[in-house]
*Asks:* 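To start, I am sharing the structure in question, which I have written as structure tokens.
Counting convention: from 1, in listed order, for ligands and their atoms alike. Just so it is clear, the model here is predicted, and its values are computed rather than measured. Numbers for residues simply follow the sequence, beginning at 1. Hydrogens, waters and symmetry mates are skipped; everything else that's a heavy atom, side chains included, is used.
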Amino acid sequence: MENYWNKEIECMPREEMKKLQDERLVAQVKHVYENVPYYKKLMDEKGVTPDDIKSTDDLHKLPFLTKSDLRDAYPYGLLAKPLSECVRIHSTSGTTGKRVVAFYTQHDIDLWDDCCARAITAAGGTKDDVCQVAYGFGLFTGGAGLNGGSHKVGCLTLPMSSGNTERQIQFMRDLGSTILCCTPSYAAYIGETLHEMGLTPDDIKLKAGIFGAEPWTEEMRREIEKSLGIKAYDIYGLTETSGPGVAFECSAQSGMHINEDNFIAEIIDPDTGEVLPEGSKGELVFTSITKEAFPLLRYRTRDICVLSREKCSCGRTLIKMTKPMGRSDDMLIIRGVNVFPSQIETVLLEQGYAPNYQIEVDRVNNSDTLDVYVEMNEEQFTDTVKGIQEKEKSLTAAIKQILGISPKVHLVSPKTIARSEGKAVRVIDKRKLHD
Ligand code: DLL
């Protein structure tokens, strides 16, 4: 039986949801225009006033907002409420330029917790569960978001933060954690450590995991599900729109439902900005229609995915997004070919390797090079040199088949690729194509 946190909203008939979005959008545009000079200027430059926005059908008239606007307006330029009404900030983990700082009123936090409560409930969570939150706590939104959602649901919450993996497993055993929340790469690492400690999924009580904050493939999902003996659910979000919980997976485990009562989603052509019809692959754009302190309109996420309104077996009517297939700014262009790291990950896992790999791109004599470092497990490692070379050859061929370009594959000894407790760094691009 499917569990809902807020059935009325999650299963709301389409026309009613559109009406709710229409009303909230009109009010939000007015709020922003009147309270944020930065927005007023952008809208004035485009010749749009709040009176032009009568429903979601007029959304396309509004200007886009990008990460560079957020940087220009740093720190307070997009704030729509007095600071005295804000109770928290979070910030992105960006390594270049200024960080993005997002502000929250207490009402914003309540709505955010509610979105995360929906995700936990959809993964089977109830007040009888023990929910171990192993996302980082701090400026990153992962820990705080799932912690808030877990409290709302009434789970016994373990605010572990990430790291200290053996202790994570010890608490998991001693306190009988049933739900684990962390990045998929950390979940894989926890699974690996569990087995190294001589334990199996039968020694723990976990039943579900809520994993997101970075791209992961279906193959990786299966790997984690096996190593921890759980069902693994995806969760999506970004600091700019509050954090995790913008979209969450249900029992169908085939894409994430977007919390449309809070966010309007569009898919655009990343090059032209043109809005694309449902079912097209393109860049995801979000408009926050309920946020008070930091309400972004038509924010370009750079995440590439597809939206679908196909009926879902879970009964929810909320629109679904596919797993992000990559980011328009993270997509590698190698020898003119578009490459998403997830394509390489799929091949590696299909061929029986663990998700421990690193991709290195460089430019030598004006030509791009692609090196893929893949870790062997102990069993693969005992192979002869010739056997290893053959494995490298067969991996090279399999990757070439998918990408159309040939990588140089290096199989490396067990435990030589750094494990991640948060977002994994999969790609090192040495070409210095960007600042
Ligand atoms: O990663 C928020 C989050 C925390 C989501 C915990 C889920 C769980 P940022 O650090 O601002 O926020 O990074 C946002 O991470 O634009 C995507 O590119 C990527 N991302 C987030 N969730 C997923 C996911 C948090 N499920 C950026 N699959 C987003 C793929 C994801 N990519």
*Asks:* On the six-membered ring of Phe294, is Lys81 placed so that its NZ or CZ lies under 6.0 angstrom from the centre and within 45° of the ring axis?
*Replies:*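 That pair does not qualify as a cation-pi contact.
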*Asks:* Would you tabulate the side-chain donor-acceptor contacts of residues 143-151 under 3.5 Å, counting partners in other chains and residues two or more places apart, or write 'none'?
*Replies:*
unit_1 : atom_1 : unit_2 : atom_2 : d
Ser150 : OG     : Thr157 : OG1    : 2.8

*Asks:* So for Arg302, does at least one of its heavy atoms come nearer than 4.0 angstrom to any atom of ligand 1?
*Replies:*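 In this structure, Arg302 fails to qualify as a contact of ligand 1 - no heavy atom is under 4.0 Å.
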*Asks:* Counting only nitrogen or oxygen atoms and a 3.5 angstrom limit, does Thr92 reach ligand 1?
*Replies:*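 No, there is no polar N/O contact under 3.5 Å.
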*Asks:* Can you pull the salt bridge (charged side-chain N to carboxylate O under 4.0 Å, His left out) pairs that have at least one residue in residues 120-144, sequence neighbours excluded?
*Replies:*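 Found Asp129-Lys207.
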*Asks:* Is ligand 1 under 4.0 Å from a heavy atom in the side chain of Ala213, in the backbone, in both, or in neither?
*Replies:*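 Ala213 to ligand 1: contacts from backbone and side chain alike.
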*Asks:* Under 4.0 Å from any heavy atom of Phe140, which atoms of ligand 1 are there?
*Replies:*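 Reading through ligand 1 atom by atom, the close ones are 1 (O), 4 (C), 10 (O), 25 (C).
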*Asks:* Any idea which part of Thr141 is under 4.0 Å from ligand 1, heavy-atom wise: side chain, backbone, both or neither?
*Replies:*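 Under 4.0 Å from ligand 1, Thr141 contributes side-chain atoms alone.
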*Asks:* Only heavy atoms count here, so choose which of Thr301, Val246, Leu238, Thr239 is nearest to atom 14 (C) of ligand 1.
*Replies:*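 Nearest heavy atom to atom 14 (C) of ligand 1 lies in Leu238.
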*Asks:* Is Lys323 in contact with ligand 1, taking contact as a heavy-atom separation below 4.0 Å?
*Replies:*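 Contact absent.
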*Asks:* Check each atom of ligand 1 against the heavy atoms of Asp234 and keep those under 4.0 Å away; list them by number with element.
*Replies:*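 Ligand 1 atoms under the 4.0 Å threshold to Asp234: 24 (C), 26 (N).
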*Asks:* Considering only heavy atoms, which of His90, Lys67, Glu214 lies nearest to atom 32 (N) of ligand 1?
*Replies:*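 Among His90, Lys67, Glu214, the closest heavy atom to atom 32 (N) of ligand 1 comes from Glu214.
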*Asks:* Between Thr241, Ile304, Asp303, which one has a non-hydrogen atom sitting closest to atom 29 (C) of ligand 1?
*Replies:*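 Checking each option, the heavy atom nearest atom 29 (C) of ligand 1 is found in Asp303.
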